[in-house]
Amino acid sequence: MPELPEVETIRQGIKQKLKDKKIKSVEVKVPKLFIGSVNDIIGAKIVDAKRVAKILEIVLDNGHSILIHLKMTGQLIYKDDYSQAVGGHSQKVYDADPPHAYTHIIYQFSDGSHLYFNDFRKFGWNMIIESSKVKEILGPDKFGPEPGQSGFSEGYLKNIFAKSGKAIKLVLMDQQKIGGVGNIYANDALYWAGILPTRSAKTLSDVEISKLKTTIEKVINLGLKYGGSSENTYVNIEGKKGHYMEVTAVYQKNKDPKGHIVKRIKIGGRGTFYCDICQK
DNA sequence: CTATCTGTTCTGAC
DNA sequence: TGTCAGAACAGATA
């Protein structure tokens with residue numbers, strides 16, 4: 001489900017809700033989605049929540065971390081005695097209060113609260129790993145700089161674009177080159193920058209690269225402000241929907257903000273939305 | 001009923 | 001080594 005803003009919204013929720021909680025037990029209903037040993041985290045306390053691109057790291061006080069990738073349709077829902085986790089999920093399969101048929105992993109804390117990992121398509125995963133080894137999976141050789149970070153500079157973009165003859169949209173979504181940008185935000189950023197998603201990355205002018213850098217950061221920040229998107233299954237840790245979809249420019253729209261017809265094609269097998277009047 | 005769609009990313013074939 | 005279709009999965013939609 002999520003791209004950078006969605007995962008970041010969840011990270012903030014985890015940090016706020018789960019800090020200092022002690023893991024009492026873990027129930028793994030679908031072993032395939034859980035990598036590592038439950039025994040490594042039982043009794044450990046949660047001290048921090050971090051994020052690299054679209055992957056969450058829950059840091060424990062015993063030298064281990066839980067890495068979580070939600071892929072297309074994963075959810076993390078926190079529930080305690082005082083909160084009911086059902087938000088207005090638009091996806092019918094998630095209407096029930098967890099745990100339900102699509103709850104695959106349940107973390108129970110010593111105060112009786114729970115964290116539920118739901119994923120009806122089972123693409124996502126949880127991984128227990130030594131915190132010192134996290135960089136082997138999430139290191140800078142695996143994930144490029146993220147919008148908002150200092151490494152995400154005009155010079156850097158110029159460099160990676162010049163080396164790629166691929167469609168600019170594919171480069172934006174390449175996690176090794178740029179961290180955290182997925183389909184929704186790539187479509188919107190290109191729209192606001194007035195650049196066709198099919199353009200070869202190396203044909204972008206300096207002015208276009210500068211503009212694109214700005215619009216990528218703009219849509220990511222807008223996503224953060226609106227608490228993520230919620231077209232299908234996205235909900236934050238309390239089960240509430242985000243609102244970014246209310247302000248997307250072209251993603252899954254018929255008309256752009258100016259009333260032009262939005263064209264729809266496929267790039268790299270992904271739905272691609274653009275306006276051939278506004279984007280050149 | 002059939003075909004095609006879905007916010008991700010990994011693998012295997014060439 | 002780069003690129004690309006297909007895979008992993010399950011449902012919604014037309």
Kindly indicate, with the supporting measurements, whether the criterion side-chain hydrogen bond (donor to acceptor under 3.5 Å, both in side chains) is fulfilled by A:Y102 and A:D119. CA-CA 6 Å; A:Y102 302 102; A:D119 188 352; over 6 Å; no

Show the numbers, then the answer: is there a side chain to side chain contact (heavy atoms under 4.5 Å, CB included) between A:K54 and A:Q175? CA-CA 9 Å; A:K54 305 168 190 173; A:Q175 300 300 300; 3.3 Å; yes

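Here CG of A:L76 is found 13.5 Å from CZ of A:R11. Values are rounded to the nearest 0.5 Å.
Closest to the side chain of A:Q252, from the set B:dT6, B:dT8, C:dA10, is B:dT6. Proximity note for A:Y102 (side chain, C-beta onward) versus B:dT9, C:dT3, C:dG11: the nearest is C:dG11. When each of C:dA8, B:dT9, C:dT3 is scored by its nearest atom to the side-chain atoms of A:H69, the top-ranked nucleotide is B:dT9.
Remark: P of B:dC10 and CD1 of A:I35 are 11 Å apart, rounded to the nearest angstrom. Straight-line distance from the CZ atom of A:R270 to the P atom of B:dC10: 13 Å, rounded to whole Å. Between the CG atom of A:L33 and the P atom of B:dT8 there is a distance of 18 Å, rounded to whole Å. Between the CG atom of A:N118 and the P atom of C:dA10 there is a distance of 15 Å, given to the nearest Å. Between A:L70 atom CG and C:dA8 atom P there is a gap of 22 Å when expressed in whole angstrom units. In this structure, CD1 of A:I265 is placed 12 Å from P of B:dT6, rounded to the nearest angstrom. For the pair A:R264 CZ and C:dA14 C1', the computed distance is 12 Å after rounding to whole Å. Atom pair A:L170:CG and B:dC10:C1' shows a separation of 16 Å (rounding to whole Å applied).
Pairing for C:dT13 goes to B:dA3, judged as Watson-Crick or G-U wobble with the two contacts each under 3.5 Å.
Here A:Q175 does not reach the OP1 or OP2 of B:dT8: none of its side-chain N or O atoms lies under 4.0 Å away. In this model, the phosphate group of C:dA8 is not approached by any side-chain N or O of A:K32 to a distance below 4.0 Å at OP1 or OP2. Note on A:K266: a side-chain N or O is less than 4.0 Å away from OP1 or OP2 of B:dT6. Note on A:K122: every side-chain N or O is 4.0 Å or more away from OP1 and OP2 of C:dA8. Here A:R121 does not reach the OP1 or OP2 of C:dA12: none of its side-chain N or O atoms lies under 4.0 Å away.
In this structure, A:S200 contributes its side chain and A:T198 its backbone to no donor-acceptor pair below 3.5 Å.
A gap of 16 Å separates the P atoms of C:dA7 and B:dA3, to the nearest Å. B:dT4 and C:dG6 have their P atoms separated by 12 Å, given to the nearest Å. To the nearest whole angstrom, the two C1' atoms, one in B:dT9 and one in C:dA12, are 22 Å apart.
Stacking between A:F123 and the base of C:dA8 is present: ring centres sit under 5.5 Å apart and the planes differ by under 30 degrees.
Nucleic acid contact class of A:G271 (heavy atoms, under 4.0 Å, all strands): sugar-phosphate only.
A:Y107 and A:Y116 have their aromatic ring centers separated by at least 6.0 angstrom.
With a 4.5 Å cut-off on side-chain heavy atoms, A:I128 and A:S37 do not count as touching.
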